[in-house]
Peer 1: 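The structure is given below, and queries will be raised subsequently.
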Amino acid sequence: MRIAICDDIQKEREIIRTALNVYAKAHTELFFDVDEYSVALDLLHAVEKGKTYDIALLDICMPGILGTDAAEEMLAKSPEMDVIFLTTSDEYAVAAFAMNATHYLLKPFSQEQFDTALDRAVKNTEKCDYLSLSCVDGMYRVCISEIASIESQNHYLLIRLSSGEVLRLRMKLSQMFEKMQKYPEFIKVGASYVVNLSFVRNISGNSIEMFLGVKIPIPRRSSEEVQKIYMEFCRKEARK
């Protein structure tokens with residue numbers, strides 16, 4: 001699991017890292033890939049460049065930008081990410097839970113309190129189905145719900161993630177779509193695309209506009225069927 005720790009005070013980062021190490025020793029079935037940041041803007045910059053995290057452990061009162069504001073920007077790109085706030089004040093608790101924060105820990109916290117927060121985040125993360133992809137630049141473990149679209153291009157697949165990152169691997173679109181068919185939010189559009197309907201902003205005429213700013217062409221012969229599927233998907237989402 002990819003974890004980001006962000007706190008402007010080094011001693012506090014060390015406390016968080018120590019608590020995480022204790023948790024990891026008690027859960028040897030888990031592996032944590034951890035990055036530390038002393039400035040929230042550096043964390044946001046990394047995310048903008050394509051870095052993604054399963055869990056973010058954030059201080060709130062930091063110079064430059066509040067942890068709650070940083071979390072809001074990160075969640076806009078990776079809504080499946082779990083956020084745990086660690087702070088000295090309960091002043092921001094309402095704002096934190098308004099954005100569905102996983103937990104809100106007051107400093108100083110005990111190992112038991114930290115473990116409870118991590119247990120909740122890990123449980124949420126494990127609800128996500130993952131694909132292991134052998135891409136041209138290495139192996140990636142990708143949460144299904146992070147995949148916005150897949151494009152077939154010159155014998156390769158371009159997998160666009162919610163973060164804006166694009167992965168490239170050699171595989172036929174038909175092979176990839178076989179893996180996605182059990183997820184109703186994914187549909188095949190023409191011979192070159194698979195689209196996650198959760199990321200569709202609008203369908204008009206012969207194109208699909210994605211929230212990521214990408215436009216995907218719809219073959220004229222299947223335009224009516226694609227719009228029908230999308231409307232049914234929206235109705236089901238509204239009933240949840």
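Predicted model only: the values in this text are computed from it and were never measured. All values below were derived from every heavy atom in this structure, side-chain atoms included, with hydrogens, water molecules and symmetry-related copies excluded.
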Peer 1: With the threshold set at 4.0 Å, does a side-chain nitrogen-carboxylate oxygen contact exist between E232 and R235?
Peer 2: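 Result for this pair is yes, salt bridge flagged.
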Peer 1: How long is the gap from CD1 on I60 to OG1 on T87, to the nearest 0.5 Å?
Peer 2: 4.5 Å
Peer 1: Are D59 and R13 within salt-bridge range, i.e. N to O under 4.0 Å?
Peer 2: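 A salt bridge is absent here (no side-chain N lies under 4.0 Å from a carboxylate O).
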Peer 1: Between Y183 and D129, is there a side-chain donor-acceptor contact under 3.5 Å, judged purely by atom types and distance?
Peer 2: yes
Peer 1: Is a donor from one side chain sitting under 3.5 angstrom from an acceptor on the other, for D35 and Y53?
Peer 2: yes
Peer 1: Any chance you could lay out the ring-ring contact (aromatic ring centres under 6.0 Å, His included) test for F114 and F109, step after step, and finish with the verdict?
Peer 2: CA-CA 7 Å; F114 184 86; F109 51 83; 5.7 Å; yes
Peer 1: Could you go through the side chain to side chain contact (heavy atoms under 4.5 Å, CB included) check for I144 and F186 one step at a time?
Peer 2: CA-CA 10 Å; I144 293 291; F186 288 94; 3.6 Å; yes
Peer 1: Hey, what do you get for CG (L44) to NZ (K49), rounding to the nearest 0.5 Å?
Peer 2: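 Here the interatomic distance stands at 13.5 Å.
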Peer 1: At their closest point, which heavy atom of S223 faces which heavy atom of I218, and how far apart are they?
Peer 2: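 Heavy atoms only, the tightest pair is CA-CG2, 3.6 Å.
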Peer 1: Which of these, D82, D33, D54, sits in a salt bridge (Lys or Arg N to Asp or Glu O under 4.0 Å) with R2?
Peer 2: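 Only one option passes, and that is D54.
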Peer 1: Could you pull out the closest heavy-atom pair between L57 and L118, with the gap in Å?
Peer 2: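 Looking at all heavy atoms of both residues, the shortest contact is CD2-CD2, 4.2 Å.
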Peer 1: Is any side-chain N of the basic residue among E209 and K215 closer than 4.0 Å to the acidic one's carboxylate O?
Peer 2: no
Peer 1: Considering all heavy atoms of both residues, which atom of C143 and which atom of Y130 are nearest to each other, and what is their separation?
Peer 2: N-CD2, 3.5 Å
Peer 1: Under a 4.0 Å threshold between the charged nitrogen and the carboxylate oxygen, would E12 count as salt-bridged to K107?
Peer 2: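 A salt bridge links K107 with E12.
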